[in-house]
Each structure stands twice: as structure tokens, then as C-alpha cells.
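Contents: one structure, followed by commentary.
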Amino acid sequence: MADIAHANRIEPLSGRVGGAAGVSLTPAGAAYRVSLRVDPAAAKTVSKKLGLELPMTPKTSVQNDKGRLAAWLGPDEWLIIDENADPLKDLEKITTLHSAVDISHRNTAVLVSGNGARATVQSGCPQNLSDRVFPVGSATRTVMGKIEVVIIRTGEDDYRVECWRSFSDYAFTLLSEAARDCLA
């Protein structure tokens, strides 16, 4: 019998391509995702187990050299994304009171890159994503069009738009249409 908790899933945007001159839209690969809640005072203990320092500054993210990313979503809440290893395994032996929930089955992401990436993401988002306000490494939970998303700026012209799987077609289509309107 298949292990349901670790069943291979077909990514909802598998095979989709999008973008326009100056913008590339790529479905992100499969990844482990964990919603982590812990008292900020205990964040150092948890950080050691995760292999990266949880960001303590609002609207920021950090990434280690093994591809694990942590995004600050609230005073005691982080989104952990890892395409290689399950963060829950690193959190199993922590005795500090915390909540770590596997949301890998719930989320997926669209990677937006290129000269028109910011304008593409900004077209559906009410937040200011300018360099001054949203520099590389920034992360925010917000809305895009009619859906909740987490936007992470991973590079100068690179964004990761995390959304629920059930809204992924909507997100990809919205971003595709916005990309066509962007100038290279």
C-alpha cells in the first residue's frame, strides 16, 4: 500500500509555460512546506535544528546553501520551504513548544523572473513591491487578484509566488496575462 503521507503528487501546474518578452513564468518544482509557529524567544533553538536562522525581522526571508528557505509571516509564524529534505524530520526532537504542520499538499508556487517580473507580480498585488520597500530577501503574505499568496523576492528580478494548489491555475493565468502587458 502506498504511504499516503508521502505519496508522489502531480504538481498542478506541471507542463505549463508562460510569460512574454522580459518575463518568464515557471511552475516551481515539488517541495516540502511547513507552517511553523513558535515563540520568538525559542527561535534560536529551532533555528539550530533547521540549519538556518529564522528571520526575526518582519517581511524578510533567509535561505541556506542547501536550498532551505524560511519566510517570516508573523511575530511567531514562518513558512519553511525545502525542495530537498523534509524540515519536519529536523523538528521532531525539539522539546520547545511549537507547532509544525506539513502543508506540502496544500501549496504550490509560480516562479516569476526577468526584467518585467516586478511589474507582472505587482499588477495583481496591492502592496508596494519597489526596490526600496521590497528588496531582495523580502517576503509577505498578501493578496493577488482574489487569492491569498505569499510573495518572496528571491533575486533582483526573481519572485516566488506561493499559493494554494486549488488556486494555482488562477494565479498562473493572472500572472500570464500580466506578463503580456509588461515591457521588456
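These figures come from a predicted structure and were not determined experimentally.
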Can you tell me which residue pairs pass the salt bridge (Lys or Arg N to Asp or Glu O under 4.0 Å) test with a partner in residues 105-129, sequence neighbours excluded? R118-D131

L25 reachable from M144 in the ILVMFWY side-chain graph, under 4.5 Å edges: yes

List the steps and the verdict of side-chain contact (heavy atoms from CB on, under 4.5 Å) for D157 and S113. CA-CA 5 Å; D157 293 320; S113 60; 5.7 Å; no

Please assess V121 against I151 for the test side-chain contact (heavy atoms from CB on, under 4.5 Å), listing each intermediate value before the final yes or no. CA-CA 9 Å; V121 175; I151 301 172; 3.6 Å; yes

I'd like to know whether W78 forms a side-chain contact (heavy atoms from CB on, under 4.5 Å) with V38, so could you lay out the CA-CA distance, the side-chain angles of the two residues, the decisive distance to 0.1 Å, and finally the verdict. CA-CA 9 Å; W78 292 266; V38 66; 3.4 Å; yes

Spell out, yes or no, whether I103 and L69 are grouped together once hydrophobic residues are joined by side-chain heavy atoms under 4.5 Å, including indirect joins. yes

Pairs involving residues 140-151, ordered by first then second residue, that meet salt bridge (Lys or Arg N to Asp or Glu O under 4.0 Å) (sequence neighbours left out): E77-R141

Quick check against the 3.5 Å criterion: does S24 have a side-chain atom that pairs as donor or acceptor with the backbone of G114? no

Test of understanding: with side chain to side chain donor-acceptor pair (under 3.5 Å), list the residues that count as partners of S130, not counting sequence neighbours. N128

Show me the pairs that pass salt bridge (Lys or Arg N to Asp or Glu O under 4.0 Å) and involve residues 38-67, at least two apart or across chains. none

4.5 Å side-chain heavy-atom contact, Q63 and L52: no

I80 vs L54 side-chain heavy atoms within contact, under 4.5 Å: yes

Are the side chain of T173 and the backbone N or O of Y170 linked by a donor-acceptor pair below 3.5 Å? no

State which residues pass salt bridge (Lys or Arg N to Asp or Glu O under 4.0 Å) with D90; sequence neighbours excluded, sorted by chain then number. R68

Intermediate values then yes/no, side-chain contact (heavy atoms from CB on, under 4.5 Å), T140 and V150: CA-CA 6 Å; T140 187; V150 173; over 6 Å; no

Contacts of A100 meeting side-chain contact (heavy atoms from CB on, under 4.5 Å) (sequence neighbours excluded), chain-then-number -> V34, L36, L88, L91, H98

How far does CD1 of I152 sit from OH of Y159, to the nearest 0.5 angstrom? 12.5 Å

Determine whether a donor-acceptor pair (N or O, by modelled atom type, separation under 3.5 Å) exists between the side chain of E177 and the backbone of R180. no

Heavy-atom check, side chain of V149 versus side chain of T142, under 4.5 Å: yes

